[in-house]
Amino acid sequence: MSDLTILMKATNFAAIKHKDQRRKDTEGTPYINHPIGVANYLTQAGVTDLDVIQAALLHDTVEDTETTLEELKIHFGEKVASIVAEVTDEKGQEKHERKRLQIIHARHASKEAKLVKLADKLYNIKDLERCLPTGWTNERRDEYFKWAAKVVSGCRGTNLELENQIDEVLTRNGLVNPKEIVLEANEMD
Ligand code: NDP
Ligand code: ZN
């Protein structure tokens with residue numbers, strides 16, 4: 001299969017899986033804009049690893065749809081499935097705990113998973129900067145920025161371009177020095 005065929009297959013798979021979902025913004029943007037945007041940030045930042053780009057396109061399918069890792073393995077191979085597994089929250093945990101675990105897991109993730117995480121966080125913080133989701137307060141958005149900075153702290157040294165863009169957004173939104181964000185004791189391993 002050519003690289004182009006592989007990319008279109010992953011894009012199409014994600015589009016089908018996310019077809020009934022919308023983002024949380026007030027406009028209800030189609031969800032698929034997000035994984036495509038994440039993959040686009042990666043290629044714009046110079047990432048050419050096809051497994052990483054496929055994983056970016058597919059990164060929310062297991063967490064947010066009925067898709068299984070087994071299904072991803074069959075269609076896209078072991079490597080892509082394992083990157084998606086690394087960026088998928090454990091089901092069954094309550095939300096606050098999931099967020100704490102993301103901070104811890106980020107620093108132990110593979111380089112490939114860190115790339116997807118960085119681009120995912122960049123997309124989400126830019127989305128939040130663009131528009132406050134329905135029902136969110138400014139405080140909740142600020143909490144999200146702080147949490148994102150903590151996840152990103154475990155992914156640093158992976159892609160400077162993405163990291164610089166993230167720091168710009170976070171600084172613009174009130175974080176004094178995102179690079180020096182301090183983790184709580186229970187956010188470290
Ligand atoms: P989140 O706060 O995690 O929502 C953000 C997630 O939603 C993103 O990571 C992104 O994930 C997805 N998303 C969809 N649309 C958008 C968008 N337009 N902009 C940015 N992100 C978007 O929501 P949860 O409900 O999962 O989290 C609950 C947590 O929020 C609790 O742990 C609690 O700590 C906190 N909370 C705080 C409140 C407060 O008032 N301070 C109130 C309620 C909860 P993806 O990449 O997967 O699409
Ligand atoms: Zn995502």
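By convention here, the first residue in the shown sequence is residue 1. Start at 1 and go down the list; that is how both ligands and their atoms are numbered.
The atoms of ligand 1 that sit less than 4.0 Å from any heavy atom of E143 are 37 (C), 41 (N). If you number the atoms of ligand 1 from 1 as listed, the ones under 4.0 Å from a heavy atom of D120 come out as 46 (O). Here is the list of ligand 1 atoms found below 4.0 Å of a heavy atom in L128: 19 (N), 20 (C).
Linking Ile, Leu, Val, Met, Phe, Trp and Tyr whenever their side-chain heavy atoms come within less than 4.5 Å leaves V116 and I104 in two separate clusters.
No option in V47, V151, L162 other than L162 meets the side chain to side chain contact (heavy atoms under 4.5 Å, CB included) test with L118.
The nearest protein heavy atom to atom 33 (C) of ligand 1 is not closer than 4.0 Å.
Looking only at protein heavy atoms, the nearest one to atom 13 (N) of ligand 1 is R23 NH1, 3.5 Å. What sits closest to atom 42 (C) of ligand 1 on the protein, heavy atoms only, is R140 CD, 3.6 Å. Nearest protein heavy-atom neighbour of atom 9 (O) of ligand 1: Y144 OH, 2.6 Å.
Contact between L101 and Q93 at its shortest, heavy atoms only, is CD1-NE2, 3.9 Å.
Rounded to the nearest 0.5 Å, atoms CG (L122) and CG (N159) are 10.0 Å apart. Rounding to the nearest 0.5 Å gives a distance of 10.0 Å between CG of N124 and CZ of F145. Here the CE-CG distance, from M1 to L50, works out to 10.0 Å after rounding to the nearest 0.5 Å. Annotation: the span from I6 atom CD1 to H75 atom NE2 amounts to 14.5 Å, rounded to 0.5 Å. Note: K121 NZ to Q102 CD = 4.0 Å, rounded to the nearest 0.5 Å.
The neighbour count for K99 NZ, taken as heavy atoms of other residues, nucleotides or ligands under 6.0 Å away, is above 12.
Contact analysis puts Y31 in contact with ligand 1, with a non-hydrogen atom separation below 4.0 angstrom. At a 4.0 Å cut-off, at least one heavy atom of H96 sits close enough to ligand 1 to count as contact.
Residues satisfying the salt bridge (charged side-chain N to carboxylate O under 4.0 Å, His left out) criterion with E27, sequence neighbours excluded, are R130.
Contacts between R98 and ligand 1, counted as non-hydrogen atom pairs separated by less than 4.0 Å, are absent for every part of the residue. Only the side chain of D64 comes within 4.0 Å of ligand 1, counting heavy atoms alone; its backbone N, CA, C and O stay farther away. Contacts with ligand 1 closer than 4.0 Å are made by heavy atoms of both the backbone and the side chain of N124.
Here R172 pairs with E129 in a salt bridge; the nearest charged N to carboxylate O distance falls below 4.0 Å. A salt bridge between E97 and R100 is present, with a side-chain N of the basic residue lying under 4.0 Å from a carboxylate O of the acidic one. The pair D49-K79 does not count as a salt bridge, with every side-chain nitrogen at least 4.0 angstrom from each carboxylate oxygen.
Shown here are the protein N/O/S atoms lying under 2.8 Å from the Zn ion (ligand 2), water excluded: H34 NE2, H59 NE2, D60 OD2, D120 OD1.
Closest heavy-atom approach to atom 4 (O) of ligand 1 among the candidates Q102, K24, E27: K24. Of the listed residues (K99, R22, K95), the one carrying the non-hydrogen atom nearest atom 3 (O) of ligand 1 is K99.
Every N/O-N/O distance between W147 and ligand 1 stays at or above 3.5 Å. Checked against a 3.5 angstrom limit, the closest N/O atoms of D60 and ligand 1 fall inside it. Among the atoms of H34, some N or O lies under 3.5 angstrom from an N or O of ligand 1. The N/O atoms of W136, backbone and side chain alike, include none that comes under 3.5 Å of an N/O atom in ligand 1.
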N/O donor to acceptor pairs below 3.5 angstrom from side-chain atoms of residues 30-38, sequence neighbours left out:
{"residue": "Y31", "atom": "OH", "partner": "D60", "partner atom": "OD2", "Å": "2.7"}
{"residue": "Y31", "atom": "OH", "partner": "D64", "partner atom": "OD2", "Å": "3.0"}
{"residue": "H34", "atom": "NE2", "partner": "H59", "partner atom": "NE2", "Å": "3.2"}
{"residue": "H34", "atom": "NE2", "partner": "D60", "partner atom": "OD2", "Å": "3.2"}
{"residue": "H34", "atom": "NE2", "partner": "D120", "partner atom": "OD1", "Å": "2.9"}

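Sorted pairs that involve residues 89-117 and meet ring pair (Phe, Tyr, Trp, His ring centres under 6.0 Å), not counting sequence neighbours, are lacking altogether.
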